[in-house]
Every structure is written in structure tokens, then in C-alpha cells.
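These values consider heavy atoms only, across backbone and side chains, with no hydrogens, waters or symmetry-generated copies.
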Amino acid sequence: MTNVSVAAEWQLLYDRYYRKPEIYQMRWKHVDLSRNKVACASFGGPIAVIRDDSKIVQLYAESALRKLRIFNSAGLLHSETIWKHPGGRLIGMSWSDDQTLICIVQDGTIYRYNIHAELIEPNMSMGKECDEQNVVECVFWGNGVVCLTEGGQLFCISDFDTMKPSKLPDVPGLTEDDMLQPTCLAVREPKYTMSGTVEVLVAVGDEIFGVEEDSVQTFRVDEPNVNDSDVQNDDYVNLIGPVQKMIVSPNGKFLTLFTHDGRIVVVEMETKQIAIDYSCESALPPQQMAWCGMDTVLLYWDEDLTMVGPLGDPVHYFYDEPVILIPECDGVRILSNTSLEFLQRVPDSTESIFRIGSTSPAALLYDALDHFDRRSAKADENLRLIRSSLSEAVESCIDAAGHEFDVTRQRALLRAASYGQAFCSNFQRERVQETCRTLRVLNAVRDPDIGIPLSIRQYKLLTPVVLISRLINSNHHLLALRISEYLDMNKEVVIMHWACAKITASPSTPDAHLLEVLLDKLQLCRGISYAAVATHADNCGRRKLAAMLVEHEPRSTKQVPLLLSIGEEDTALVKATESGDTDLIYLVIFHIWQKRPPLEFFAMIQGRVLARDLFVAYARCHKHEFLKDFFLSTGQIHEVAFLLWKESWDMGKNPMASKGSPLYGPRIKLIEKARNLFSQTKEHTFESKAAEEHAKLLKIQHELEVSTKQAIFVDSSINDTIRTCIVLGNNRAAIKVKTEFKVSDKRWYFLKAFALATIKDWAALEKFSKEKRPPMGFRPFVEACIDADEKAEALKYIPKLSDLVERGEAYARIGMAKEAADAAAQANDGGELLERFRKTFSQNAIFDTLKMPFQGAS
């Protein structure tokens, strides 16, 4: 009897059954769909209702002001607002994929609302031409819209996320001269077209045009399979005649046309072949047309809803009140003033179980459970009959349970599946558990207080993540949290959204109390971003609450920027330095640098070593003047001096610095300033003296460059200056430098000897060696000659070396082994030099002759 009662509600269209269960009794009051514009979101989404200003309606006990009201699918009022926008009549409204309500008025202005009836700024426009010509019709699809103007022009927004309107090519026949108007529009979504852009189908006169971004083509229908040979292909479109209404199938493959003579023609979009051609009882165009899944087409006239399929007689449903058809992926929701129904094709699994007279394995399994409950032996008999196909029977019961809206029937089918599973060893037992989890979620959101009547197929297409998002946007946070926990999903999104909503809804709650409430829930989720919640609190004007919240944020990278945004620079600097993250510290430093006066900024960073050192490191490279102010404010005069000295060196890198007066200008002044600052501290006497001598040396070098007209002196050392003077033959200048800087005689002899050897003035070198006894002996002369690779000159001075070790080494360097050996033999160093020479001159027999005496001596 159960099977009979279930199947009695079905309607047969050719060989397929359809059912239309009632989902909700609508809970709204005094809502007449015929007096209002209605926009219903897909996937069981919200319903937007506003009084239709294109109709003359009688006002009862309501205000003359129009209200935009948003209900859930069960008719519970979610939010409302007064509509007071300029721009003319409301032409169309629809919900986008992210449940944003898009409203387009006559002048092309687009107003957007969220599910709480809050206006989303800024308002957008379809463009100047729409404003001038006025919009007369809108056709929406998932995330876009096409608008038709009074001038017959088409404008498109292909993505509501970007909101960029574009003009489509003009349609032949819609120019001002032709004075024709399209009878209807339809849209093929971009994901179903070859070009990847939206295709607008426009019916004008007897023709249909396909308008894309850069082309317009005529849509022609191929010849049908008829016996009348007089009907030619080119004339068949004319036989269809003017089209009064058309829609595209959900998968973009079929186009449904309602012709002027009351025929329904379904055409395959690619091949242009006709799939359905049915003559209706009325030639008046239906008020609404919709696809029921991919199987049938629904047409609605007043009080009559007709379902037409490819074969068989149509099915009629009669209503004594207006209805709205809401297409879904697996059926159509039918909204009336009093109820919400769901028309769908009966799933194969459900049909196999509940069809009258069915003897399928699933039906026998369901019947076996009934006999088992009544303790009848017929249960065992049924199981024996279907033992070979028991797995398929269990799967069918599980699948049928998933498609049911009635909880009692779900339970009965799942019990039947579990009963059969006990006798089926090779069936995946997780299948029942998975379906139970899914149905628990679906039953929870189908509750009238929630009002999201999803089918199992819609749920799988929508995904649990999106469902959770829609629940929290509707402020059903508790249910969203429980579903997240039940499905082992991340709870952070739910808790964060609840916290932000709680802050928004509690403007008068004290900060301390609200913080306690928030922390009680936020602590349920480890790793949650307190900074994001604190940002929302700051945006709501709760700066103190934001500061209290951000204290609980463990991640410095999120904590510090927020502290800066709410004006807590001191705390931000402390947190940044504690983290040790140089990028964060620099972020705080630059922020405070721009916001605070210099002295206040200096005081903040002075007490924090890491921040101070990073600032100094940056300022040394880029902000010398500001760094000087910092050092002066903190009493570090010597650091200012070092900066001035460095600036003088940097100035020396300029090619113009060594030519003429600029040397006596900035560079000397900077060094003298540095010397004065160094002299003010006892600890930097050496630096003061060095700066003084540096300035003196620069002056002398500049004079030398002026006199020699060669820019080769400035920024060289004292040694190089003396050597260069000697090389140039300016002995007087060399002696002056020696005297000014008190160069020792030892260094003087080395410098002059090497300079004379460089220019190979051997006579002058010999004369210099004879002026007086050199303070270091003749070693500088030997070294200079050897470096110049002049052995003959070196032999003049090597015999004069008093140190036998030095003499031996000198002979060895010029390759005179015998003389080196003689000197080494005379040296009193225990044979160390001789042994070293032996290794150097291993092929020379001279050292072998000296080997035995030394061994005997040792």
C-alpha cells in the first residue's frame, strides 16, 4: 500500500514519471506574486520581492513607499529596506552566483544589495547610451546580464565581479529607419559558446539573430522530417514565423521557441535539428517558460502549467493563484502565494522501488523489510529471490533515500538498505554512512527556519563549502558551525564571520564584556586570525576593542600592521622588535617616521636597540641629514663627525672634485667640521688629529695638481704622494711633504729608492746612496733594484749588506747560488739558511759539497 500511495502522486509523461512534492507552506503574509516583481535565487536561495511599479495595484493597509523585501524559500522575512532610488522604473532584478541582488532601472543604473537588503556601494551604470535611450528589457544569467534599449541596441555585462559594460553589434532590422522591435531575447552563457563570450539570441520579425561580441549571424532551423516535399529548407524558418518567447536549455545545447501560431519548437543549437514540435492549445505566449532539468519544457499561463516532453501528451497542472517558475539543475521550483513545490523527474532508483507493480530487486528488498517488521517469513523469501542482485538493490535504496525530501521515507529506505547490507558481504558499508551524513545536513538546511530546500544533486554541485558560506551570510552561524564540525571542515571561517557579525550587532555593548564573549568562541579554533576580527572592530569604530583583540594575535606579521592602522605605534614597535623580523621593524619605523615629529620619532627608537640599529643602517645609505639630526639629538657628536668625513670621501668620487676651487670648498669644510666635532670629545683625539692631517694633505695635493696640471695626487696616501713627486722630479715638493707630515728617514729612503728605481734613474740612486749612511743600511736599494729586475744594479749594493742572512737571501733572489752559499756558510744561524737554500737549489752541487762539514759541526 505504501508503494501505491507514493506512486499515486506521480504524473506520467510518455514513459517517464514526474512528481511535484510540496516543500513548504509559505510563511509570509499578504504577499501577492501578481502585484510584485520577484527574483528567486537558484540552489534554494533567497527570494526578493518588490511592488511592481509597471502595474496599477490597489494599496490596502500598506505604505505607498515601495519596500524591497528579502525572504528565505519558506517565506520567512530575512530583511527589508525602502526603495527610493532615482533612475526611473525598475526593469529587472536577479540574484548573482554569490547571492548579490542586481537591480537595473530604466536609465541603466545598477543597484546592488546583499542578502541583508544593504545597498552595496558604489552604484554602477550600463553606460551613457543606456541613460539616453532607456533600458526596456533585461535578460540575466548566472553572473551577467544583457540589456536592450529603446533604440534597439544591446549592452552586456559578462561578469558582475568586474562590472564592465560593453556594447554588442547592432542587429539588422532594429535601426531607427526600420522601426522594428524584438519580440523576445534569450541568452546562451559564455561557457557554452565556441567563442567563450555570451551569445544573445534576438527574435526580430520572422528571423532570429545570434549576436556575439564581434559578429551577428542569422539562426536558421533545418528542415524537419516530414513527408511534405513542398516544404523547403529556406522556407522553414518562415513556417515557424515570428517567435514570441524563447529560452535556452541549462546546458546550452537546445533552444526552445514559442511561435506566433502557438507551437513549441525545441531546436538543437549546433545541428539546428528540431527535437520537439508541439502545437499548444493557445496561441497566446506563455507568461513564463522554463526547462525542467534536461527532459521537458514548462509553459505557464494563468491557472495552467503545461509540461511538454519530446514524446507523448503533455501534462497539465492547474493553479488558482499566480506562480513563479524557478529552474534548478534537476527540476523546477514552483513558487505560489501559499506554497513552494519542486517538480522533478522521478529518479530511476525511486521509480524502481515505488512504481505500482514493480518487481525490481530494490522493490523486493523494500518489501522484505516490511515483512521483517511484521515478522513474516515472506521477508526471507524475498531475500532469496534477489540474492544475486542484492548489492544493486541496496544501492538503489540508498540512492532513492538521497533523493527524498520526506524524512520518514528517507528513514524507511535507509533501513531497507541496512537490512539488505547485512546479507551482502561485498558491499561498501561506508556508502550508507556517507548518505546518512549528507541527509542530516540537507534536512537541517531544509528546515523552514533556515529555508534552503536543496536536493542531493544540487548539494553536490553547490559543495559543502559554498553551503557553509551561504549559511553564515544569512547569520545562521550555529548551524554552520555544527555542520562544519560534523563534516570535519575548517571552523575558522564560521567563527570569524560570527565574531564580525557580533561586533556589528552590538554597538552599545561595553568593550570588556564584548571581548569576553568573543574570546569564549574564538578560542574554540586554534590558529584563528584575531587580527581580522580586530580589523573589523576598528572599521566599526571600536578602536579600543580592536586594540584588546589584537593583543591575542600570535602572528606578528598580522598583529603589527593592524596596530599601526589603529594608531598603536608604540605597541607595534615593541611587538615588531620582539619578533626579530627586520621587515616588520622597518615597516613600523617608516610608518612612525611619516606620522611623528622627528624628535618624538628619535625618542621612540632610541630605547630599542634593534630598531635603532636598523634605522641607522638605513639612514647611513639614504638619509644622511636626518641621521645627523638623530645623532645630535642623542648626543652622539662623534657619529656626526664620521658622517661628515664620509660625505667628504663620497664627494671625492665626483670627477670635478679634484679640479680647481671645489676642493677648497665643500670637501675641506666638511673635514674641518668633522675635526671640530671630534675635538669636543676626549675619546676621539686620534680621529681629530687624523682629520686635521687629512685636510692638510688635501690642500697640498691640490696645490701639486695645480702646479703639475695633472690630476693624480688628490686622495692618494702620503707615501704615494712622495713617490709621485720624486717620479715627476719634484724633489722639493717631496721633501716638503716629508717635513710637513714628519715622515721618518727609514720610510723616506725606501720611498725614494723605489721611486728612482721605477724611473730607472740608476745614477741618481747611486748618488742618493752615497749622500750619507742610510739608516736601514743598503737594503732599500737592494730591494728596489731586484723589484726592477736589475741584477747588475743590485750587485752594487748587495756586498754592502752587513747582515749575512740578508746578503745570502739577496744573492739567492738574483740566482747567484755560489755567493748565496758562501754567505749562508758564514752566517751564524745554525745552518738554517743553508738548509733552506739546499731545498731551493736542489740541483746545484755546490750545496752538496757543503753538506758534510755542517753535519760534522752539528
Side-chain angles (χ1 to χ4, degrees), residues 37 39 41-42 87-113 120 122-176 180-204 207-219 243 245-253 255-256 269 289 327:
K37 283 187 178 293
S42 59
R89 181 176 297 167
L90 177 63
I91 302 301
M93 64 179 182
S94 179
W95 293 93
S96 66
D97 288 340
D98 61 354
Q99 290 196 343
T100 298
L101 183 63
I102 309 295
C103 305
I104 300 180
V105 296
Q106 205 165 4
D107 66 356
T109 304
I110 302 173
Y111 300 101
R112 295 173 295 164
Y113 288 88
I120 301 174
N123 301 325
M124 310 299 292
S125 173
M126 291 298 296
K128 183 179 179 181
E129 291 174 292
C130 283
D131 185 16
E132 294 172 350
Q133 299 182 21
N134 287 336
V135 176
V136 295
E137 187 174 353
C138 300
V139 180
F140 293 88
W141 74 92
N143 219 36
V145 65
V146 170
C147 294
L148 174 69
T149 66
E150 290 178 350
Q153 294 183 326
L154 295 171
F155 294 86
C156 169
I157 291 180
S158 58
D159 190 349
F160 287 137
D161 293 332
T162 58
M163 281 290 181
K164 292 182 179 179
S166 60
K167 184 180 180 301
L168 298 178
D170 292 333
V171 180
L174 292 187
T175 61
E176 295 182 0
L180 293 176
Q181 286 295 325
T183 53
C184 58
L185 301 177
V187 168
R188 195 179 184 197
E189 296 186 33
K191 60 184 177 182
Y192 300 127
T193 62
M194 294 292 291
S195 63
T197 59
V198 65
E199 179 182 6
V200 184
L201 298 166
V202 186
V204 180
E207 293 186 290
I208 300 174
F209 295 95
V211 182
E212 295 193 45
E213 192 175 57
D214 53 2
S215 65
V216 179
Q217 296 179 350
T218 302
F219 186 89
V243 176
K245 209 170 190 67
M246 59 182 171
I247 57 170
V248 178
S249 65
N251 64 0
K253 292 183 178 181
L255 176 64
T256 303
M269 294 288 289
M289 288 172 57

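- Rounding to the nearest 0.5 Å gives a distance of 9.0 Å between CG of Leu201 and CG of Leu185.
- The side-chain heavy atoms of Ile208 and Gln217, taken from C-beta on, include no pair separated by under 4.5 Å.
- Side-chain contact between Cys156 and Val145: absent, with no pair of heavy atoms (C-beta onward) separated by less than 4.5 Å.
- Note on residues 147-167: pairs passing salt bridge (Lys or Arg N to Asp or Glu O under 4.0 Å), not counting sequence neighbours, are Lys167-Asp170.
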Would you please test Leu90 and Cys103 for side chain to side chain contact (heavy atoms under 4.5 Å, CB included) and show each step? CA-CA 7 Å; Leu90 177 63; Cys103 305; 3.9 Å; yes

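- Taking each heavy atom of Met269 and Gly252 in turn, the nearest pair found is CG-O, 3.6 Å.
- With a 4.5 Å cut-off on side-chain heavy atoms, Ile102 and Phe140 count as touching.
- Between Val136 and Ile91, the closest side-chain pair of non-hydrogen atoms is not below 4.5 Å.
- Minimum heavy-atom separation, Trp95 to Ala41: CD1-N, 3.3 Å.
- The shortest side-chain heavy-atom distance between Pro182 and Leu148 falls under the 4.5 Å cut-off.
- The two residues Leu154 and Val171 come nearest to each other via the heavy atoms CD1-CG2, 4.0 Å.
- Checked by atom type and distance alone, the side chain of Trp141 never pairs as donor or acceptor with a backbone atom of Arg188 at under 3.5 Å.
- Side-chain atoms of Glu199 and Thr193 form no donor-acceptor pair, as typed in the model, at a separation below 3.5 Å.
- Between Ile104 and Met93 the shortest side-chain heavy-atom distance does not fall below 4.5 Å.
- Contact record, Pro169 with Ser215: CG-N, 3.8 Å, taken as the closest heavy-atom pair.
- The heavy-atom pair separating Val146 from Val200 by the smallest distance is CG2-CG2, 3.6 Å.
- Nearest heavy atoms, Met246 versus Ala203: CE-N, 3.6 Å.
- The CG atom of Asp131 sits 10.5 Å away from the CD atom of Gln106 when rounded to the nearest 0.5 Å.
- Taking CD1 of Ile157 as the reference point, atom SG of Cys147 lies at 7.0 Å (rounded to 0.5 Å).
- No side-chain heavy atom of Pro165 sits under 4.5 Å from any side-chain heavy atom of Phe155.
- Listed for the Thr183 side chain is a donor-acceptor partner under 3.5 Å among the backbone atoms of Val243.
- Counting heavy atoms from C-beta outward, Val211 and Val198 have side chains that stay 4.5 Å or more apart.
- Atom OG1 of Thr162 is separated from atom CE of Met124 by 8.5 Å, given to the nearest 0.5 angstrom.
- More than 12 heavy atoms of other shown residues, nucleotides or ligands fall within 6.0 angstrom of atom CD in Gln133.
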If you apply the rule side chain to side chain contact (heavy atoms under 4.5 Å, CB included), what do you find for Val204 with Phe209, and how did you get there? CA-CA 8 Å; Val204 180; Phe209 295 95; 4.2 Å; yes

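- Here CD1 of Ile120 is found 14.5 Å from OH of Tyr111. Values are rounded to the nearest 0.5 Å.
- Annotation: the span from Met163 atom CE to Ser125 atom OG amounts to 11.0 Å, rounded to 0.5 Å.
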Check against side chain to side chain contact (heavy atoms under 4.5 Å, CB included), Leu255 and Phe219: CA-CA 11 Å; Leu255 176 64; Phe219 186 89; 3.8 Å; yes

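- The closest donor-acceptor contact from the side chain of Tyr192 to the backbone of Pro250 lies under 3.5 Å.
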